[in-house]
There are 4 protein chains.
Amino acid sequence: MFTKFLNLETEKQDRIINAAIKEFAQKGYDKASTNEIVKEAEISKGLLFHYFGNKKLMYLFLFDYCYETIADEFYKKIDLAERDFFNRIRQAVLIKMDLLNKYPEIFKFIEEAYFEDSIDVKAELEKKIKELNDINLGKIYEGIDLSKFREDMDIKKILKIISYTFEKLSEEELQKAKLSPTHQIDYQKISKEAEEYFEVLTKAFYK
Amino acid sequence: MFTKFLNLETEKQDRIINAAIKEFAQKGYDKASTNEIVKEAEISKGLLFHYFGNKKLMYLFLFDYCYETIADEFYKKIDLAERDFFNRIRQAVLIKMDLLNKYPEIFKFIEEAYFEDSIDVKAELEKKIKELNDINLGKIYEGIDLSKFREDMDIKKILKIISYTFEKLSEEELQKAKLSPTHQIDYQKISKEAEEYFEVLTKAFYK
Amino acid sequence: MFTKFLNLETEKQDRIINAAIKEFAQKGYDKASTNEIVKEAEISKGLLFHYFGNKKLMYLFLFDYCYETIADEFYKKIDLAERDFFNRIRQAVLIKMDLLNKYPEIFKFIEEAYFEDSIDVKAELEKKIKELNDINLGKIYEGIDLSKFREDMDIKKILKIISYTFEKLSEEELQKAKLSPTHQIDYQKISKEAEEYFEVLTKAFYK
Amino acid sequence: MFTKFLNLETEKQDRIINAAIKEFAQKGYDKASTNEIVKEAEISKGLLFHYFGNKKLMYLFLFDYCYETIADEFYKKIDLAERDFFNRIRQAVLIKMDLLNKYPEIFKFIEEAYFEDSIDVKAELEKKIKELNDINLGKIYEGIDLSKFREDMDIKKILKIISYTFEKLSEEELQKAKLSPTHQIDYQKISKEAEEYFEVLTKAFYK
DNA sequence: AATGAATGAGCCTTCATTCAT
DNA sequence: GATGAATGAAGGCTCATTCAT
């Protein structure tokens, strides 16, 4: 499919990928301009279509590229030997924040992709996202020590409630950052808040 | 501001509003075409701009309209005499699903609006959303009987965890419906699932 | 033709005339908006067309109105008893400047009208301008004492050369004002410059 | 800037330039339609904007093109060895009329440009015109034999009066042609008239 | 007389994509 | 492989004018 592109010298690949990610992350699928991408990447108009066929396929390729980049690093860093659920989640939150810092554009791209509503890519994208969720859902809970949890409740539901809480917490902080004038995320405040929720949730769901 | 439009006969207003909501809900702000809206509403091009000035103002007007329509019905139906938190949330979930059924396009429009990233409307929209959040946040917890909850934890955090759980639950079901071929929401299944989570959460957080 | 309009109460007539002159003077025929005119004049859209038929006729009416307003005052003020040509022209220049100060919008309108190139009004306007020139050309020279001029030249050519000089002088000052940041006309400088040219021309063409 | 356009085959360049000049000359900046231009030039809509960016830049490019075309021919033809002022002006008048005959549309375009009031191009255009005036003002008087003129008057004013006379004379003839049904300029009559004015002016201002 | 809602052609500009070179 | 000129549909929006009330 994208073999032509992948056989390019890495430097040119990177130039193109970075230019495209930047444009899509900033403007979303519809408003992103292939003109801007080729200008930034310093390649010709025709070449982009030679490599990717069309805008949609390029976007979908970038989504995969971004997802893999982030996922690879994520699973490289997470310690599956840590069997305590809360510590595992704490780890996940910290790693996510680290990656956010390291690859802001890529992260931005993925985040926007989750909310991308353009009819051109919506269907394909949702399919991809669903698959990813199915694949990864289990992974993060792999090897968790379930013996610490109360046994008078459905363990799956407990895990879900805990996951939901931290996801919503992150979303809310993100939303707050979005609405603040500086768009700055206050990592320290999030960490502190998370610890307080850990405490409540441990008291509620651990033996 | 929109007095010209609001003085129209209701039938024509509805035709225009429905056409516009449908178009924006389906395609998002940028890709939505005023051409399509006037075609669907069976009015002339110029008239739309006679009423709303421009696309952006029309979109913002529709957001207000949609929000008010939903909020009015929501707060008319919710029983603030019900002081038990879980029953209150159960109510809220059911009412929301009912409205979702009754006004699917309006709901769609609002949901999309929350994620609308078009630079044209982003700023204004976020301001509106922020204001709404500030206003309504407290309202749903009004008059709740807090004496039933455990006292060894921060009550605010408990309430948040519970809210988060049901919000995420709804979102997940919605997402599942989105990805299913028929886009059908299985209300019964949701109700049943919600009851099971009520049970878990009561056990965890009630005295 | 415009009897409907002319039978209006003067106050309303003035409101409409002023609004229209302002808009045309500022934007030229094509870009002038009938919408802006009715808004400023506080009358309804339809009424404007009821009175004037269409934009073109309104413009032509305004040209006549403006021309008459200026010409009436001009010929009321000019002293036809002054038989010296240079004094007569000096008078004309001073009166013109006075009127410019008193009716800046009307003057602006007439000036713009002379350069109006819109195909819609060009032909009609040029016809009007030609007629006016024919009528008024003689008037300003009426009763001039020709005995002061040299007799070895065609007197008509002498008068033309003198007129041309002052017309061009005015045009140049106007153009300079146009190109200056403040658009301010320096009347004192013009008067002084004119006097210097008077001197040269007297020496050249008087006995 | 306009390299894309200037690298085109001359035939196509000419087709586009002629179509554009014609349209702007006839209708002025605002009313000129890019649609008409591309139709006349037989190119696609997009191509025009590919070459010139937007309407304004195209107009400004054409102004430069027209000015250079005329100025180049003018200064190629004028004989700077001719030191007699009247002969020099006679030359200038004849060359101008020749060019007018040869490039009527270009001339028209420039003339209209001087009076172009559209806010879109006014500022830029006036800047260009001002610069041109500064550059060319001296050139036409270069090497003139001033010893023939009377010494009891400001020589600069004399030269101005003479220039003004011939400029106005040309303008009047042009205006007459404009208002005549055939739009024909009667060069012979102009030459004869000019000679008569030469005579008067020589008598008045030469020693 | 007076209103202002309604029209729809026309405006400039953008864009992904194609294809001859 | 690489170029960038060329396409033309579609975009949001404006406007003088009409006409039912």
Novice: Donor-acceptor pairs under 3.5 angstrom involving side-chain atoms of residues 42-50 of chain B: please list them, not counting sequence neighbours.
Specialist:
residue: B/Ser44; atom: OG; partner: B/Leu47; partner atom: N; Å: 3.4
residue: B/Lys45; atom: NZ; partner: B/Asn35; partner atom: OD1; Å: 3.0

Novice: OP1, OP2 of E/dC11 versus side-chain N and O of D/Thr34: anything below 4.0 Å?
Specialist: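 D/Thr34 to E/dC11 OP1/OP2: no side-chain N or O under 4.0 Å.
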Novice: Using the closest heavy atom to pick a nucleotide of DNA chain F for each, name whichever of D/His50 or B/Lys55 lands nearer the 5' end.
Specialist: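 The residue whose closest nucleotide sits nearer the 5' end is D/His50.
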Novice: Can you find a side chain N or O atom of A/Lys12 that sits less than 4.0 Å from OP1 or OP2 on F/dA2?
Specialist: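 Checking A/Lys12 against F/dA2: at least one side-chain N or O falls below 4.0 Å of OP1 or OP2.
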Novice: In this structure, how many angstroms lie between the P atom of E/dC15 and the CG atom of B/Asp30, rounded?
Specialist: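 It is 11 Å, rounded to the nearest whole Å.
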Novice: Could you check which of F/dG12, E/dA2, E/dA5 has an atom nearest any side-chain atom of C/Ser44?
Specialist: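 Out of F/dG12, E/dA2, E/dA5, the nucleotide with an atom closest to C/Ser44's side chain is E/dA2.
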Novice: Rounded to the nearest 0.5 Å, what's the gap from OG1 on D/Thr3 to CG on D/Leu8? Could you check?
Specialist: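 Reported value, rounded in 0.5 Å steps: 10.5 Å.
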Novice: What is the separation between atom CG on D/Asn54 and atom P on F/dG11, rounded to the nearest whole Å?
Specialist: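 D/Asn54 atom CG is separated from F/dG11 atom P by 22 Å.
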Novice: Would you say C/Lys45 reaches E/dT3's phosphate, i.e. side-chain N/O to OP1/OP2 under 4.0 Å?
Specialist: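 No, outside the criterion.
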Novice: Return no unless some side-chain N or O of D/Asn35 is found under 4.0 Å from OP1 or OP2 of E/dG10.
Specialist: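 Result: no.
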Novice: Between B/Phe63 and B/Phe109, what is the ring plane arrangement, given parallel below 30°, perpendicular above 60°, and tilted in between?
Specialist: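 Because their plane-to-plane angle lies in the 30° to 60° range, the rings of B/Phe63 and B/Phe109 count as tilted.
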Novice: Starting from P on E/dC12, measure out to NZ on D/Lys39 and report it in whole angstrom.
Specialist: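 So the NZ-P distance, D/Lys39 to E/dC12, works out to 12 Å.
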Novice: Which nucleotide, F/dA5, F/dT3, E/dT7, lies nearest any side-chain atom of B/Leu47?
Specialist: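 Nearest listed nucleotide: E/dT7.
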Novice: Send over the distance from B/Ile43 CD1 to F/dC13 P, rounded to a whole Å.
Specialist: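 Spelled out: CD1 on B/Ile43 to P on F/dC13 is 14 Å.
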Novice: Taking CZ from A/Arg15 and C1' from F/dA2, how many angstroms apart are they, rounded to a whole number?
Specialist: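 My rounded result for the distance is 13 Å.
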Novice: Between F/dT3 atom C1' and D/Asn7 atom CG, what is the distance in whole Å?
Specialist: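 To the nearest whole Å, that distance equals 14 Å.
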Novice: Tell me the interatomic distance from C/Met58, atom CE, to F/dA16, atom C1', rounded to whole angstroms.
Specialist: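 It is 10 Å, rounded to the nearest whole Å.
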Novice: In this structure, are over 12 heavy atoms from other groups packed under 6.0 Å from B/Lys55 atom NZ?
Specialist: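 Enclosed.
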Novice: Taking CG from D/Leu6 and P from F/dA5, how many angstroms apart are they, rounded to a whole number?
Specialist: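 Taking CG of D/Leu6 and P of F/dA5, I get 12 Å after rounding.
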Novice: Under 4.0 Å between a side-chain nitrogen and a carboxylate oxygen: does that hold for B/Glu105 and B/Lys108?
Specialist: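 B/Lys108 and B/Glu105: not salt-bridged.
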Novice: Using a cut-off of less than 4.0 Å, is there contact between a side-chain N or O of C/Tyr51 and OP1 or OP2 of E/dA2?
Specialist: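 Result: yes.
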Novice: Paired with F/dT21: which nucleotide, if any, by Watson-Crick or G-U wobble criteria at under 3.5 Å for both distances?
Specialist: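 For F/dT21, the partner nucleotide comes out as E/dA2, under the 3.5 Å rule.
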Novice: Pick the closest DNA chain E nucleotide for D/Ser33 and for A/Gly53 by heavy atoms, then say which residue is nearer the 5' end.
Specialist: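 It is D/Ser33, whose closest nucleotide lies nearer the 5' terminus.
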Novice: Which comes earlier along DNA chain E counting from the 5' end, the contact point of B/Leu48 or that of A/Phe49, where each point is its nearest nucleotide?
Specialist: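 Taking each residue's closest nucleotide, the earlier one in sequence belongs to B/Leu48.
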Novice: With DNA chain F as reference, determine whether D/Gly46 or D/Lys4 sits nearer its 5' end, using the nearest nucleotide of each.
Specialist: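 Here D/Lys4 is the residue nearer the 5' end.
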